Amino acid sequence: MSRHRIAVLPGDGIGPEVVAGGLRVLAAVARRFGLEIELVEYPMGAAGVAAAGEPFPPATRDAVQRADAVLLGAVGDPSLDQAPRHLRPETGLLALRALLGVYANLRPVAIHPALLDHSPLKPERLRGTNLLIVRELTGGLYYGEPRGNDGAVAINTLRYTRAEIERVSRLAFKAAQGRRRRLLSVDKANVLETSQLWRQVVTGLATEYPDVTLEHLYVDYAAMRLVSDPSTIDVLLTENMFGDILSDEAAVLTGSLGMLPSASLGDGPGLFEPIHGSAPTIAGQDVANPIGTIASVAMLLRHGLSLPEPADAVEEAIATVLAAGARTRDLGAGPGEALGTRAMAERIAAAIR
Ligand code: NAD
Ligand code: IPM
Ligand code: MN
C-alpha cells in the first residue's frame with residue numbers, strides 16, 4: 001500500500017479549527033479504507049510571520065514541494081492589514097500558488113437538498129443547481145507587473161498570455177466533458193484587451209471539444225445569471241479576479257460561505273482549501289463551519305491522491321448529516337441547536353461508511 005504525504009498549513013483565524021475538522025474526517029476515512037497517510041504541519045500566513053518572520057517561510061516552502069498534496073485552512077489577520085506587502089499573509093498565499101504552479105482553481109457549487117431553504121434565493125430558482133467554477137489562479141491582476149503605490153498613483157497590471165489562457169481553458173473543457181457538456185466563459189471583452197484574447201483563445205479551442213457547447217458572457221451579466229438562473233450553468237470558466245468575486249457570490253446559493261471547497265491544480269502537488277477566509281471575528285469560538293474544509297479533503301482525495309472512493313465517502317457523509325438536520329450557526333441553527341466546529345466534524349466522521 002502506498003503512503004501519502006500531506007502538507008498541512010492551518011494558517012490563521014478559523015483556519016486551525018476548520019483544518020482540525022478536516023483532519024478528523026480524513027482520519028476516519030483513512031481507517032475505513034486502510035489508507036496510510038502521513039501529515040506534516042507547517043506555519044503559513046500570519047502564523048508564518050509569527051514563527052519565522054515571513055508569511056511563507058522556507059521550511060513551509062520545502063514541505064509543500066515534497067508533499068503529494070497540500071491542505072490549507074485560511075490566511076489573514078487584521079494585525080497585518082497595514083503591513084508592507086512582503087509581510088502580508090495574502091502575499092504568502094499567492095507565492096504558494098505560484099510555487100506549486102496551480103493555475104486552475106476548481107470551485108464546485110452544489111446545493112444540498114436539505115439546505116434549499118437556507119439560501120436567500122427562492123428554492124425554485126436554486127433547484128437543480130450544480131455548477132463548477134474554474135478560476136485561473138496564477139495570472140492576471142494578482143501577479144501582473146508593474147505594480148505599486150507611491151501615495152499619489154497606484155498601479156496594477158492585468159496581463160494574460162495565450163499559453164496561460166489555453167491551459168486553464170483545456171482543463172475547463174475537459175471538466176465539462178465529464179459533466180453536462182456546457183462551458184460558460186466569462187470575460188469583459190467589450191472593454192478589456194486581455195478579455196478579447198481570452199475569448200479568442202477559448203473560441204479557438206472549442207473546435208477540439210465539439211461535444212461541449214460553449215457560451216460567452218460578460219462578467220456583469222454573468223454575476224446576475226449566477227443568482228437569477230444558476231441551474232442553467234454547468235462549468236463557468238473565468239480569469240483570476242472575476243473568479244474570486246463570482247465564487248463568493250456563488251457561495252450564497254449553498255447557504256453559507258463556509259460550505260465551499262476548492263482544489264487548485266497544476267502539474268505538481270495540488271492545493272486544497274475552503275474558499276472562505278480566516279474570519280477573524282469568529283476565530284477561536286468553535287462556531288466556524290468546517291464543511292468547506294471537509295469537502296476540500298474530499299477533493300484532495302479525488303484530485304490530489306487519485307482516490308475517488310474515499311472522496312465519495314466523505315461527500316456522502318456530509319450529505320447524510322445535513323439530511324439528518326445537523327447545522328452550524330451560519331446555516332441558521334438557533335443557539336440551542338447549533339453544532340460547533342468540532343461537533344460537526346465529529347458527526348461527519350461518524351457518518352463515514
Ligand atoms: P472571510 O471569508 O474570512 O469572512 C467573510 C464572512 O463569512 C464573515 O462574516 C465570516 O465570519 C464568515 N465566514 C467565513 N468562513 C466561515 C465559516 N467557515 N463558517 C462560518 N462563517 C464563515 O472574508 P473577509 O472577512 O473578507 O476576510 C478575512 C481575512 O481572510 C482577510 O485577511 C482576507 O484577506 C483573508 N482571506 C483569506 C482567504 C484564504 O486564505 N484563501 C480567502 C478569503 C479571505
Ligand atoms: C481566495 C482569497 C484569496 C484570493 C486572497 C486571500 C488572496 O480571497 O482564495 O478566494 O483572492 O485568491
Ligand atoms: Mn476569495
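Quick caveat: nothing in here was measured; it's all calculated off a predicted structure. Both ligands and their constituent atoms are indexed starting at 1 by order of listing.
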Among Leu260, Asp244, Asn240, closest by any non-hydrogen atom to atom 2 (C) of ligand 2: Asp244
Nearest protein heavy atom with distance in Å, relative to atom 28 (C) of ligand 1: Pro280 CD, 3.8 Å
Donor on one side chain, acceptor on other, Thr91 and Arg85, under 3.5 Å: no
Gap between atom OG1 of Thr138 and atom CZ of Arg97 - 0.5 Å precision: 10.0 Å
Sidechain N-carboxylate O distance under 4.0 Å for Glu124, Lys122: no
Protein heavy atom under 4.0 Å of atom 15 (N) of ligand 1: yes
Distance filter under 4.0 Å to Ala74 heavy atoms, resulting ligand 1 atoms: 40 (O)
Arg181 atom CZ, neighbour heavy-atom count above 12 within 6.0 Å: no
Polar atom proximity, Glu90 to ligand 1 (N or O, under 3.5 Å): yes
Enumerated ligand 1 atoms positioned under 4.0 Å from heavy atoms of Gly258: 17 (C), 18 (N)
Close approach of Ile275 to ligand 1, heavy atoms, under 4.0 angstrom: yes
Neighbour count >12 (heavy atoms, 6.0 Å) for atom CD, Glu309: no
Test item: side-chain donor near acceptor, Asp330 and Ser256, under 3.5 Å: yes
Proximal ligand 2 atoms for Tyr142, defined as those under 4.0 Å from one of its heavy atoms: 4 (C), 11 (O), 12 (O)
Under 4.0 Å to a heavy atom of Ile14 - the qualifying atoms of ligand 1, by number: 15 (N), 16 (C), 17 (C), 18 (N)
Flag, side chain of Thr157 to backbone of Pro146, donor-acceptor distance under 3.5 Å: yes
Nearest protein heavy atom with distance in Å, relative to atom 37 (C) of ligand 1: Val75 O, 3.0 Å
Check: His276 N/O within less than 3.5 Å of ligand 1 N/O: yes
Numbered atoms and elements of ligand 1 in range of Gly76, under 4.0 angstrom, heavy atoms: 32 (O)
Approximate separation, where rounding is to 0.5 Å, of Leu301 CG and Glu315 CD: 9.5 Å
Per-atom contacts of ligand 1 with Leu93, taking only distances under 4.0 Å to non-hydrogen atoms: 39 (C), 40 (O), 41 (N)
Arg182 atom CZ, neighbour heavy-atom count above 12 within 6.0 Å: no
Within-cutoff protein neighbour (heavy atom, under 4.0 Å) for atom 25 (O) of ligand 1: no
Closest approach of any protein heavy atom to atom 7 (O) of ligand 1, naming residue and atom: Leu257 CD2, 3.7 Å
Subset of ligand 1 atoms that lie under 4.0 Å from at least one heavy atom of Gly277: 1 (P), 2 (O), 3 (O), 30 (O), 36 (N), 37 (C), 38 (C), 42 (C), 43 (C), 44 (C)
Check against salt bridge (Lys or Arg N to Asp or Glu O under 4.0 Å), Arg5 and Asp68: CA-CA 5 Å; Arg5 182 203 288 249; Asp68 296 312; 6.0 Å; no
Heavy-atom nearest neighbour of atom 9 (O) of ligand 2 within options Arg135, Glu273, Arg97: Arg97
Interfacing atoms of ligand 1 (cut-off 4.0 Å, heavy-atom, Glu273): 41 (N)
Heavy-atom protein contact below 4.0 Å for atom 1 (P) of ligand 1: yes
Heavy atom of Ala288, distance to ligand 1 below 4.0 Å: yes
Residue Asp330 vicinity, atoms of ligand 1 by number, heavy atom under 4.0 Å: 20 (C)
Parallel, tilted or perpendicular, as decided by the 30° and 60° cut-offs, for the rings of Tyr160 and Trp198: perpendicular
Shortest protein contact, atom 29 (C) of ligand 1 (heavy atom only): Ser278 OG, 3.2 Å
Separation between CZ of Arg61 and CE of Met44, rounded to the nearest 0.5 Å: 8.5 Å
CA sep, side-chain torsions, deciding dist, call: Glu337, Arg327, salt bridge (Lys or Arg N to Asp or Glu O under 4.0 Å): CA-CA 8 Å; Glu337 57 201 20; Arg327 302 281 183 273; over 6 Å; no
Val8 backbone acceptor or donor facing Glu41 side chain under 3.5 Å: no
Residue Arg199 excluded, over 12 heavy atoms near CZ under 6.0 Å: yes
Axial cation check for Tyr142 ring with Arg135, 6.0 Å and 45° limits: yes
Exercise check, heavy-atom protein proximity under 4.0 Å to atom 21 (N) of ligand 1: yes
Shortest protein heavy-atom distance from atom 18 (N) of ligand 1, along with the residue and atom involved: Asn289 O, 3.0 Å
Candidate with minimal heavy-atom separation from atom 1 (C) of ligand 2, of Arg107, His276, Glu90: Arg107
Name of whichever N/O/S atom of Asp244 is nearest to the Mn ion (ligand 3): OD1
Which residue and heavy atom of the protein sit nearest atom 10 (C) of ligand 1, plus the separation: Ala279 CB, 3.6 Å
Test item: protein heavy atom less than 4.0 Å from atom 34 (O) of ligand 1: yes
